[in-house]
Amino acid sequence: MRWSNLFIPTLRDAPADAEAASHKLLVRGGFIRQLHAGHYSLLPLGLRVHQKVADIVRAEMDAIGAQEFLLPAMHPASIWQKSGRWEVMGDEMFRLVDRKGADTALGMTHEEIFTDLATEITSYKSLPQIWYQIQTKFRDEPRPKSGLLRVREFAMKDSYSFDIDEAGLDANFARHHDAYVRIFQRLSLPAMPVEASSGAMGGSGSTEFMVPSPAGEDDVVRCGACGYAANVERATSQLTPVDDRDIPELARFPTPGIRTIATLAKVEGGAGAIHQIKTMVMILDGEVTLALVRGDHQLNLQKLQDHTGAIDIRPATPDETLEHLGAHPGSLGAVGVEKLRIIADLALEGRSGLATGANEDDWHWTGVDVARDIGVTEWADLREVTAGEACPRCGAPLEIVRCIEAGHIFKLGTSYSAVLGAEVLDPDGETRPLVMGSYGIGIGRAMAAAAETHHDDNGLVWPVSIAPYEAVVTIVSMKDEASVSAGEAIYAELRSRGIDVLLDDRDARAGVKFADAELIGVPYRVTVGPRTVADGEVEFTPRASGDTTRVGIDSIVEQLVAIVNEQD
RNA sequence: CGGGACGUGGCGCAGCUCGGUAGCGCACCUGCUUUGGGAGCAGGGGGUCGGGAGUUCAAAUCUCCCCGUCCCGACCA
């Protein structure tokens, strides 16, 4: 393509709104424009990248035998009501009413729709099946942000596997895992598979593919020694055992004005945070519940949610706390509490000599023996792992890495197929629900993650596989006839050799052309100018290194074709 | 949803405190010069100042209401 004919609106300044590097550069480079919060237009350059990402995903899905569909984006409420997610999805689902008054939703994922189609599978002999689509999803995100990283409308590849049993699901899950590893390799994204929470999807297990980046929104716990990696929503660690204080008797003591773990730790007769119980009053689907963790530990909400299966989970208001426990936050405890559900973190199991609030302002208990004094209903892993704790597998210190969630694969099981009636006959003639898996990759987010991972001070540095153009032929001066004819010839030859090449034939200054080529991140630049053309040469500059070498006009095409093909 | 900031040409900003009918840089158009790292000079086009209501002779500026955008947190497959 000839740059002079293209719409590539590059900007010298990034919009003031943009924070993330990918956001700034994709806007500055003329790849995207915002329409409103969470909704972006893909400009021609942006669409080229988006399509290349999608093509790689498509190729790898096809390679594992997946079949492509295209499903409606607008769904009747009934199918979501049937699966129970009309309520579960809450405000995150865009809903509208049609002229007949029928409730309708914009699809945020397609388990229901694909499962509905799968009701037409009637025999185990037709299994397994892998179905997928690349479709626009709509999610009313509470806070869209960071350009393409978190939006309300985006293309996602979602695939679904259908099997007769768990073994089949495991095989398809593994197949997807491997396909995802290949996809991220081809996208040059350093994605690592990590253990993840399944959240609202339900199911027995899930793996996220995480790309380390400060622009990310998830924290991953990682062990450099053995490779253990898990989302903080799921991660565990080994704790060094605590020597309990020897306080055999349960005793109340006055603590005027003491409202925090830290102050109780300092006060005379108090207790170090490690010897305290932190009592959090949570409302789980309307039920008042106490969540207990060690004083120096942090409650992870997702862990609590995963353990209980609650949909709506929030901290109690101070009024609710007072009503149910008789004291304000800062003086709360579970000693003697009988009517409420009490979920305690495993780190408290077997502990004694502890201090905790007495459910009366300005009073605490000490000498608390958890087994003796607290009616724990359930034990669960509730605490959030922090950096430096010991790896649960090998004991080495853990690190925490901020990441972008680029892909997520789930073992769903039979929850959708059972309620939506996707059942088949097995070899014994018995009716069995399909065992399902669900697998997603955000196309635009992968594109943003690549931009986030591959850029420098001058702009984007796209990997060849997804670059909008693989090479640009920059004619330094359109007034120099020798340069123009040499540039045109190289351009034509590269095109005929199947290279995605851009010809910068604009009547602009060299500096502008170089700066723009670097900003939009074209991997290879061939500079054709009077300085070298007279010698029968051009300059060759890979974007990543910036190193320029002189190459003969008659060999540049061969050299470039070889390099591009090697990269791809 | 809580906290904070902001909304003035395509992008970045000033003007608002102290009302007098909009300005700067980049970009754009024309001409001349220039031409290997975001050119110079001259001339020019483009803005219901987010929207509505109000106060006033007069509102970008003051008052009220609404809308939108960004950041932090909450939340989130």
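Just so we're clear, the structure is a prediction, and the values are computed from it rather than from any experiment. Naming convention: chains lettered A, B, ... in sequence-line order (proteins, then strands); numbering from 1 in each chain.
Nucleic acid contact class of Asp91(A) (heavy atoms, under 4.0 Å, all strands): none. Across all strands shown, Pro142(A) has heavy atoms under 4.0 Å from base atoms, whether or not it also approaches the sugar-phosphate. Ala14(A) comes within 4.0 angstrom of sugar-phosphate atoms only, judged by non-hydrogen atoms across all strands, and of no base. Residue Ser206(A) is classed as having no contact, given no heavy-atom separation below 4.0 Å to the nucleic acid. Contacts of Met156(A) with the nucleic acid, taken as non-hydrogen atoms under 4.0 Å apart, include base atoms. Residue Glu208(A) is classed as having no contact, given no heavy-atom separation below 4.0 Å to the nucleic acid. When heavy atoms are screened at a 4.0 angstrom cut-off, Pro530(A) is found touching base atoms of the nucleic acid. As judged by a 4.0 angstrom heavy-atom cut-off over every strand, Arg550(A) is placed among residues making no nucleic acid contact. Residue Gly529(A) is classed as a base contact, given a heavy-atom separation below 4.0 Å to a base. At a threshold of 4.0 angstrom between heavy atoms, the contacts of Gln305(A) are confined to the sugar-phosphate backbone, with no base atom among them. Glu518(A) comes within 4.0 angstrom of a base, heavy atoms only. Contact annotation for Ala515(A): base contact, defined as any heavy-atom pair under 4.0 Å involving a base atom. Ser146(A) comes within 4.0 angstrom of sugar-phosphate atoms only, judged by non-hydrogen atoms across all strands, and of no base.
Among the nucleotides C76(B), C11(B), U69(B), the one closest to any side-chain atom of Asp13(A) is C11(B). If you check C11(B), C76(B), U69(B) against the side chain of Arg150(A), the one that comes closest is C76(B). Side-chain proximity of Thr10(A) to the nucleotides U69(B), G38(B), C76(B) is greatest for G38(B). Checking G37(B), G12(B), C70(B) against the side-chain heavy atoms of Pro15(A) singles out G12(B) as nearest.
The partner of A22(B) is absent, by the rule that a Watson-Crick or G-U pair needs both atom distances under 3.5 Å. Across all strands shown, the partner of U63(B) is A53(B), judged by Watson-Crick or G-U wobble contacts whose two distances both fall under 3.5 Å. With a 3.5 Å ceiling on both atom-pair distances, the Watson-Crick or G-U wobble partner of A5(B) is U69(B). Summarising the base pairing, C32(B) is matched to G40(B) through a Watson-Crick or G-U wobble pair whose two defining distances lie under 3.5 Å. The base-pairing partner of G45(B), taking Watson-Crick or G-U wobble contacts with both distances under 3.5 Å, does not exist among the strands shown.
Taking 4.0 angstrom as the limit, Arg143(A) places a side-chain polar atom (N or O) nearer than this to OP1 or OP2 of C71(B). Using a 4.0 Å cut-off, some side-chain N or O of Arg12(A) falls inside it from OP1 or OP2 of A27(B). Between Arg509(A) and A39(B) there is a side-chain N or O to OP1 or OP2 distance below 4.0 Å. The phosphate of U69(B) has neither OP1 nor OP2 within less than 4.0 Å of any side-chain N or O from Lys145(A).
No side-chain donor-acceptor contact under 3.5 Å links Asn231(A) and Asp219(A). Between the side chains of Thr115(A) and Glu112(A), not a single donor N or O lies within less than 3.5 Å of an accepting N or O.
Mapping Thr541(A) and His36(A) onto RNA chain B by nearest heavy atom places Thr541(A) closer to the 5' end of the strand. Toward the 5' end of RNA chain B, the nearer of the two residues Pro144(A) and Val476(A), judged by each one's closest nucleotide, is Val476(A).
Between Trp80(A) and His75(A), the angle of the ring planes stays under 30°, which puts this pair in the parallel group of the 30/60° scheme. Using a 30° and 60° split on the angle between ring planes, His176(A) and Tyr180(A) fall in the perpendicular class, above 60°. Between His23(A) and Tyr40(A), the ring planes lie perpendicular to each other; the angle is over 60°, past the 30° to 60° tilted range.
A distance of about 11 Å separates the C1' atoms of A59(B) and C49(B), rounded to the whole Å. Across the C1' atoms, G20(B) and C62(B) are found 14 Å apart, a figure rounded to whole Å. If you take atom P in A14(B) and the same atom in G3(B), they sit 26 Å apart, rounded to whole Å. Comparing U61(B) with G15(B), their P atoms are spaced 15 Å from each other, to the whole Å. G25(B) and G44(B) have their P atoms separated by 14 Å, given to the nearest Å. Going from the P atom of U8(B) to that of A60(B) covers 15 Å, rounded to whole Å. The same atom, C1', is picked in A22(B) and in G47(B); the two are 9 Å apart, to the nearest Å. Spacing of C1' atoms, C11(B) relative to C28(B), comes out at 12 Å, to the nearest Å.
Between Leu519(A) atom CG and G37(B) atom P the separation is 18 Å, expressed in whole Å. To the nearest angstrom, P of G38(B) lies 17 Å from CG of Asp457(A). Atoms CG (Asp507(A)) and C1' (C32(B)) sit 15 Å apart, rounded to a whole Å. Rounded to whole Å, atom C1' of C70(B) lies 10 Å from atom OH of Tyr40(A). Rounded to whole Å, atom P of C11(B) lies 18 Å from atom CG of Leu25(A). Atom-to-atom, CZ of Arg506(A) to C1' of U35(B) comes out at 15 Å; the value is rounded to the nearest Å. We find that CD1 of Ile313(A) is positioned 13 Å from C1' of A74(B), with the value rounded to whole Å. With rounding to whole Å, Leu35(A) atom CG is found 12 Å from C70(B) atom P.
A cation-pi arrangement is absent between Arg550(A) and Phe540(A), since the terminal nitrogen or guanidinium carbon is not both under 6.0 Å from the aromatic centre and inside a 45° cone about the axis. Annotation: cation-pi geometry not satisfied between Lys137(A) and Phe154(A) (NZ/CZ under 6.0 angstrom from ring centroid, within 45° of ring axis).
The aromatic ring centroids of Tyr469(A) and Trp3(A) lie 6.0 Å or more from each other.
Looking at Arg28(A), its side chain has no donor and acceptor atom pair within 3.5 Å of the base of G10(B).
The existence of a salt bridge linking Lys303(A) and Glu233(A) is excluded, since no basic side-chain nitrogen approaches an acidic carboxylate oxygen closer than 4.0 Å.
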